[in-house]
Amino acid sequence: MAKEKKGRIRKAFKGFRFFLISFLLVCVMCASICGVALALYLRVYIEPNAKIDINDLMFDMNMTSIVYAWDGGLQDYTEYEMLRGIENRIYSKLDEIPEDLQNAFIAIEDKRFYSHKGVDWARTANGVLNWLTGKEGGGSTITQQLIKNVTKFDDYSVKRKLTEIFRALQLEKDLDDKDRILEMYLNIVYLGQGAYGVNTAATTYFSKELKDLNLAECAILAGITKNPSKFDPFNRPENIKERQETILDEMCKQGMITEQQRDEAKATPLEYKYEAAKAAVHNTYSYFTDAVINDVINDLVEKKDYPLELARWKVTSGGVQIYTTMERRVQTILESVYEDDSNFPNVSRNGMRPESAMVICNKSGDVVALVGGRGKKTKSRVLVRADSPRQSGSSIKPLSVYAPAMDAGLITPYSVRDNEPFMKLNGRDWPRNDSGGYTGPMTIRTAVAKSINAVAVRVVDEYTPRAAYDFLTDRLNFKNLTVNDIDLAPMALGGMNGGVTVREMAAGFSVFLNDGIFNGARTYTRVLNSDGTVLLDNEPLGRHVFEREQTVYYMRDVLKGVTSSEMGGTGRRINVPGMDTAGKTGTSQKKNDLWFCGFTPYYVGTTWFGYDSNYDLSNVRSNPSVTVWNTVMNLIHEGMEPKEFDMGDDANFTTASYCTRTGLAPSSACSTATGRYWKGDEPSETCTKCRRRVTKPKPSTNNPQDPETADPNAPAADPENPSVAPPDTTEPPVNEGGGDGDGLTIPTEPVLPTSPVTGNDDPESE
């Protein structure tokens, strides 16, 4: 029995051994097959995706761009507005991020961050176990979380996790820079309330810069990332407080802070800035910001060959830094005036009120303030009326007529032209002045002050419409004019087909303040990439638009007459105490657009008023653009040193007489006046049109044919026609109506039709 029993045991043992060996062989075979399969899977599907270019991925990361403006009080650029794209993020270098904030993230997210090679295998194993048992707690390192965020590859699958692991190992090998990885992670992580990265989160929750965060606040920010909804400081303060204390405990355990620091941080009051965050989210860009966004986008397309969509993304989501030409004080004043409806006439058409726009440039011709509409701005990226083309009326005359003609040597301020009809158009006198009358010869100074259309047409005819058009488009960069504007009426009277913008007019008038140099009305000086490298360098044009130095001085003198009460100028209501002023009013055909373009020794300002739709302003008596310009400039110049225009060195000028009828050097028969001429410009040709009146001689006492009885002091008769007496040479009275009249009256005479010869007719001139 015993022997038989031993045999059965031996036989069973042999069978078990066979089974065990077979089982192990099967396991080995299965493991080998699985290993080979896994290796093939990793080789074919995982490894090819393990290599990533983190720099390219970070470049595509959405970041908040910042607009900077000049603060005169601080004498430095300060942050003006943030341009939030899809993600609200401001990038910060690691040395700008407090050490406590770095440590808080490491303590709770990846305590062995500086010792592993991209993957913490102990945490990974624990994460797998938690996944299998349905418990919370992952095993991702900071490196893995960075990869997940930049690739947006975050589905719940084994393939994603394996790919993430391989990518983390490869990334750490390629970069070999833990600080760089931590920096990228802290800038890309989402922290709730639309805040991406720790910089934006500090502003969102505490209205603080990173450097000003305390330990308690650092622990709060580090606690949000696990679940931004559950640990939202605004909506779940009790949850985030509990997690903050957990983080502080971990930091203490890991030797990052002392127990005293931990306890003090736990007791530190937390002040969340909900209202400030809400206001920032709903912030509306100013008109200036809208304009500068458009300018930078356009320049990226034109100068850098960016596709339009990429240019738009770069400006709003590329983390660029835009340094503008804005002066915050001037912009604030301008906005305050435009937000006050009492500064505008209370008129409307079909429920629509007129709009307005204004651009202010400094002495260099850079835009320091801009508004594109009335009232409080409620939306971003809207129509900027300052860049919308309109008809200019007579406000264009200094740029298209008088300045280029003076620079060509055709006229001086004291040249005389006839204020008489230039031609008959459809049987009627053309052009018509605002007063409807003509007064005969007058100087250019008077014609500009009174905005006399007939004189402007004569000067353009001499200079030629083509030359006037070329001056506007080639030298002053007017971009909306068309070849149909090469005609008398568009160039002399402003009845244009293409139109002009408020900013173009401000840029044009700035040459009179900037000694004849055109800089193009920039809104920004440079744009930097998020890494501080230069993206766009917007240098001023520095274009000298005049050939003759005296042109600027002549134009200052002429345009001063427009705001002069003594000359009865169309802008005589302008008054900025202590400051010289000059400018030009304008009213377009049918009175759809009202303008004032003017300047002081400090600033150029251009104002437009009119309807967005094609309604006229016949129910507006005085020109609102004059009123608004005067209001704005008075506020801007408060406290500034009184100043007069530089009218040129007297050594370069001479005073000379001229005939008031012809502008030539006067003869003894002429009615005369004196003018201030640049040396060499004074009249040299003597007037021969004026003759003394000849009275009928008395045969008994003074027979001009009898030398013995002739009066030696008697005026000589016209040798070519002794029987015709010379005309009266007294200068006619100055026309009080002018071509503009400051918008005070509107003739009832119907508007003349467009002539195929002269283009758009503008009988009212303004």
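Below, each value reflects all heavy atoms present in this structure, side chains not excepted, and no hydrogens, waters or symmetry copies.
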Once rounded to the nearest 0.5 Å, what's the spacing between atom [atom1] of [X] and atom [atom2] of [Y]?
| X | Y | atom1 | atom2 | answer |
| --- | --- | --- | --- | --- |
| Y524 | I322 | OH | CD1 | 8.5 Å |
| T631 | M358 | OG1 | CE | 9.5 Å |
| S625 | N630 | OG | CG | 12.0 Å |
| M326 | D366 | CE | CG | 13.0 Å |
| M406 | Q550 | CE | CD | 10.5 Å |
| C361 | N519 | SG | CG | 10.0 Å |

Quick check: does any side chain N or O of [X] sit under 3.5 Å from a backbone N or O of [Y], one acting as donor and the other as acceptor?
| X | Y | result |
| --- | --- | --- |
| T482 | G498 | no |
| D71 | Y77 | no |
| N433 | N453 | yes |
| T332 | R328 | yes |
| Y414 | R676 | yes |
| Q75 | G72 | yes |
| D681 | Y677 | no |
| W595 | M505 | no |
| R385 | G372 | yes |
| D418 | E420 | no |

Kindly indicate, with the supporting measurements, whether the criterion side chain to side chain contact (heavy atoms under 4.5 Å, CB included) is fulfilled by R445 and Y402.
-> CA-CA 10 Å; R445 293 180 77 241; Y402 296 113; over 6 Å; no

*More than 12 heavy atoms of other residues, nucleotides or ligands under 6.0 Å from NZ of K303: is that the case?*
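Yes, the 6.0 Å shell around NZ holds more than 12 heavy atoms from other groups.
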
Should we say atom CD of E462 is surrounded by more than 12 heavy atoms from elsewhere, each under 6.0 Å from it?
->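 Enclosed: over 12 neighbouring heavy atoms sit under 6.0 Å from CD of E462.
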
Contact check, side chains of [X] and [Y], non-hydrogen atoms, under 4.5 Å:
| X | Y | answer |
| --- | --- | --- |
| M442 | R417 | no |
| T324 | R522 | no |
| I360 | L334 | yes |
| V545 | L476 | yes |
| V632 | H637 | no |
| V448 | L559 | yes |
| Y469 | T464 | no |
| T325 | T525 | yes |

What residues form a side chain to side chain donor-acceptor pair (under 3.5 Å) with D470, not counting sequence neighbours?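 Per chain and number, D470 pairs via side chain to side chain donor-acceptor pair (under 3.5 Å) with R466.
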
inquiry  = Going by side chain to side chain donor-acceptor pair (under 3.5 Å), name the residues that satisfy it together with N294, two or more places apart in sequence or in a different chain.
reply    =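 By the side chain to side chain donor-acceptor pair (under 3.5 Å) rule, N294 matches R381.
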
With D407 as reference, evaluate Y463, F471, F546 under the side chain to side chain contact (heavy atoms under 4.5 Å, CB included) test and give the passing residue.
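Of the listed options, the one satisfying the test is F546.
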
| In this structure, which one of T570, T563, L594, I574 forms a side chain to side chain contact (heavy atoms under 4.5 Å, CB included) with V626? |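 With V626 as partner, side chain to side chain contact (heavy atoms under 4.5 Å, CB included) holds for just one option, I574.
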
Contact summary for [X] and [Y], nearest pair of heavy atoms:
| X | Y | result |
| --- | --- | --- |
| K591 | V620 | NZ-O, 2.5 Å |
| A669 | C690 | CB-O, 3.6 Å |
| N480 | E504 | ND2-OE2, 3.6 Å |
| Q331 | A369 | OE1-CA, 3.0 Å |
| L664 | P683 | C-CB, 3.7 Å |
| I517 | V511 | O-CG1, 3.8 Å |

Is there a side-chain hydrogen bond (donor to acceptor under 3.5 Å, both in side chains) between D387 and T501 once you walk through the steps? CA-CA 5 Å; D387 287 325; T501 70; 4.6 Å; no

Step-by-step side chain to side chain contact (heavy atoms under 4.5 Å, CB included) determination, F609 to L617:
CA-CA 9 Å; F609 183 84; L617 295 161; 3.8 Å; yes

Problem - Trace of the side chain to side chain contact (heavy atoms under 4.5 Å, CB included) decision for N592 with Q391 - result: CA-CA 8 Å; N592 287 345; Q391 287 200 11; over 6 Å; no

Item to check | Pair R543 + D474, salt bridge at N-O below 4.0 Å | outcome: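 Looking at R543 and D474, the cut-off is not met.
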
If you measure from the Lys or Arg side-chain nitrogens to the Asp or Glu carboxylate oxygens, is any gap between D537 and R526 under 4.0 Å?
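No, D537 and R526 are not salt-bridged.
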
Practice prompt. Please confirm whether K643 makes a cation-pi placement over Y602, using NZ or CZ under 6.0 Å from the six-membered ring centre and within 45° of the ring normal.
Written response: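 Ring-cation test returns yes.
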
(Q) Can you see whether N484 engages N497 through a side-chain donor-acceptor pair at a distance of less than 3.5 angstrom? (A)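 Checked: N484/N497 side chains show no N/O donor-acceptor pair below 3.5 Å.
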
Quiz item: Using a distance-only test with no angle check, is there a side-chain donor-acceptor pair under 3.5 angstrom linking N419 and T439?
Solution: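 Per modelled atom types, N419 and T439 side chains form a pair under 3.5 Å.
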
Using the six-membered ring wherever Trp is involved, compare the ring planes of F653 and Y554 and label them parallel, tilted or perpendicular (cut-offs 30° and 60°).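 Perpendicular: the ring planes of F653 and Y554 meet at over 60°.
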
Margin query: Using 30° and 60° as the class boundaries, would you call the ring planes of F509 and F599 parallel, tilted or perpendicular?
Written below: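 Aromatic pair F509/F599 classed tilted.
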
- For S657, side-chain contact (heavy atoms from CB on, under 4.5 Å) partners two or more places apart: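 side-chain contact (heavy atoms from CB on, under 4.5 Å) list for S657, sorted by chain: P666, T674.
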
*Given W629, which of F596, W608, Y338 fulfils the ring-ring contact (aromatic ring centres under 6.0 Å, His included) condition?*
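So, applying the ring-ring contact (aromatic ring centres under 6.0 Å, His included) to W629 and each of F596, W608, Y338, only F596 qualifies.
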
Apply side chain to side chain contact (heavy atoms under 4.5 Å, CB included) to D646 and R556, showing your working. CA-CA 9 Å; D646 175 11; R556 288 173 186 167; 3.7 Å; yes

Q.
Go through it in stages, so that I can follow the logic: the residues are K584 and S451, the test is side-chain hydrogen bond (donor to acceptor under 3.5 Å, both in side chains), and I'd like the CA-CA distance, side-chain angles, deciding distance and then a yes or no.
A. CA-CA 8 Å; K584 186 70 188 74; S451 198; 2.9 Å; yes

